[in-house]
Amino acid sequence: MSDVVLAARGVTQRFGELVALEGLDLEVARGGFVVVVGASGCGKSTMLNLFAGFDQPTEGHVTLLGEPVAGIEPRCGMVFQNYALFPWLTVRGNIAFGPRLRGGASDERVSELIRTVGIEGFDDHYPAQLSGGMKQRVALARTLANDPEVLLCDEPFAALDAMTRQVMQEELSRLAAATGKTVVFITHSIDEALLLSDRIVVMTARPGRIKTSLENPLPRPRSAKQQLTPEYLALKREIWESVQEEVLAHIAADA
Amino acid sequence: MRRFPPTIPKSSRLLYGAIGIAIFFAVWWILTAPMFTEVETRRVAIDGPTGEVESYKEVRHEVSRAIVNPPGLETPGNTFRRAFEIGLPQHILASTLRILIGFLISVSLAVPLGIAMGLFPRLRALVSPIVSLMRPLPSIAWVPLFAIWFGVDETQKLAVIFVGSFAAALIYTVEATLKVDPDLIRAATNLGAGRRQLLTRVLLPAALPNILSGLKVVLAICWTCVISAEIVGGQFGLGTLIWTKKELSDTAAVLVGMASISVVVLVMDAAFTLAERRLVPWMFLRRGAS
């Protein structure tokens, strides 16, 4: 049990009449890469907000390293779909934002992060001058600068074009392996889940719970080539069927 | 159509702009030029030594025919000359100083209050109705009241500028604050920013571009205010100038005053844009440029 970094136990989240999550249980092991897939509106983002401490659950509790998450938790670093970079800061300024709040960021550390995410030479560029893929690299570096226990990724590559997305997926796999960070990653894409994850978690339609949790046995490093192997296709079908039921349930509930 | 909206290169744009202005002056010049001269022939009586008409003489006589006669419209040349005869610099300086002082007073109160209103919904609910009542009033509607209270001194003019611009400055600031991307606040909070740091390091720089573009409009509003305020008199000011010259039917001076207002507004606007480029340089960047 000691290697459980992040856990949700019996978490229910209500917003007035709306029950977003109900009785959600999830454990994330140290260094694990957990990808959460589910129909839209199933409460994936709600769950991430609880992990980051943006919200408090109506019932149940969320723990980080065994302690309850009571407020904003900077040890759970968020990566947003729309990057959320500070437009008035340069690449360096954005990356140094977190450390500067606590008194200072060493230039070497920022330079190191710039190399880590592969944006050398763009140090003094503003976000407006960068492509989507580059922006997300900066956002990753900014989150890593705080040296968080857990990376919470809220569909970070959803706004990227297909080619860039693939490059970024490989980069994130490499980064996660290199830094040993624990990652909770939300996506709509089953392919993305299969490419990135150690474990795939399927959520039910609203109110959200964990429906299935399965280990991803595909060997690393993974690449697009694997997407044609029978093993990959069998896994994809299994997840797809699980997700599809929930999508249909969601549509039925909305109708 | 290849491209929509259709565009032309910058050089052509400048050329056409210059042609447009040339046409404007040409029309003005033609309207006031005594170019349609007619030759009239008049019979003039020639008196004899005793006083009675002795004979008649035909006199050829040139009469100029401007389409629009003075004082209806002055010629461009006369208007231009008049600009150097009416102490224009003092009038420009007086109005500009009033505007800058009034604008600064208005902004230094409206911006902090507007940000606070953006952050505290109760304060917003408290102040908004008053602002909604103040905002529809054109600045000139305040002129009589302040003339009673303050006479025709500087206080009266600054007061008109203040009430005429405060509500707009406030509303622009509130809107700019509310428009800040919530994800920026979430990101900064997640990175460990406290309330104070959120305000100074995220909210202010995030809202600044929209606050500035609002204040640019407010600065133009200040001009309508000062011209209204100067109607009631005073020694100097472009508003005072055009109203006093109107009493004398001095069309050229009125035109000069109007043109001065236009030019000074344009110059101030350009200066403001320069300041914006320095204050929020990241808003003027494009992808790929460095």
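The analysis underlying the following values was restricted to heavy atoms, covering all of them including side chains, and did not include hydrogens, waters or symmetry mates. In what follows, chains are A, B, ... by sequence order, proteins preceding strands, each numbered from 1. None of these values were measured; they are calculated from a predicted model.
In this structure, D183(B) contributes its side chain and F80(A) its backbone to no donor-acceptor pair below 3.5 Å. With hydrogens and angles ignored, the 3.5 Å screen pairs no side-chain donor or acceptor of Q129(A) with any backbone N or O of L285(B).
W88(A) pairs in a side chain to side chain contact (heavy atoms under 4.5 Å, CB included) with only one of the listed residues (V280(B), L208(B), V202(B)), which is V202(B).
Both tests pass for R186(B) against the ring of F54(A): distance under 6.0 Å to the centre and angle within 45° of the axis.
Between the CG atom in L101(A) and the CG atom in L191(B) there is a gap of 7.0 Å [rounded to 0.5 Å]. The CZ atom of F97(A) sits 7.5 Å away from the CD atom of Q197(B) when rounded to the nearest 0.5 Å. To the nearest 0.5 Å, the span separating OG1 on T90(A) from CH2 on W282(B) amounts to 12.0 Å.
The environment of CZ in F284(B) is crowded: more than 12 heavy-atom neighbours from other residues, nucleotides or ligands sit within 6.0 Å.
For the pair L184(B)/L85(A), no side-chain contact is recorded, criterion being any heavy-atom separation below 4.5 Å from C-beta on.
For the pair G192(B) and P74(A), the tightest heavy-atom approach, listed with the atom from each and the gap, is CA-CG, 4.2 Å. What you find for A52(A) and N190(B) is that their closest heavy atoms are CB-ND2, 4.1 Å.
The residue among G194(B), A206(B), P281(B) with the most heavy atom pairs within less than 4.5 Å of chain A is A206(B).
Proximity to chain B (any heavy atom under 4.5 Å) is shown, for L89(A), by neither the backbone nor the side chain. Of the two parts of N82(A), only the side chain, counted from C-beta on, holds a non-hydrogen atom closer than 4.5 Å to a non-hydrogen atom of chain B. Neither the backbone nor the side chain of R75(A) comes within less than 4.5 Å of any heavy atom of chain B.
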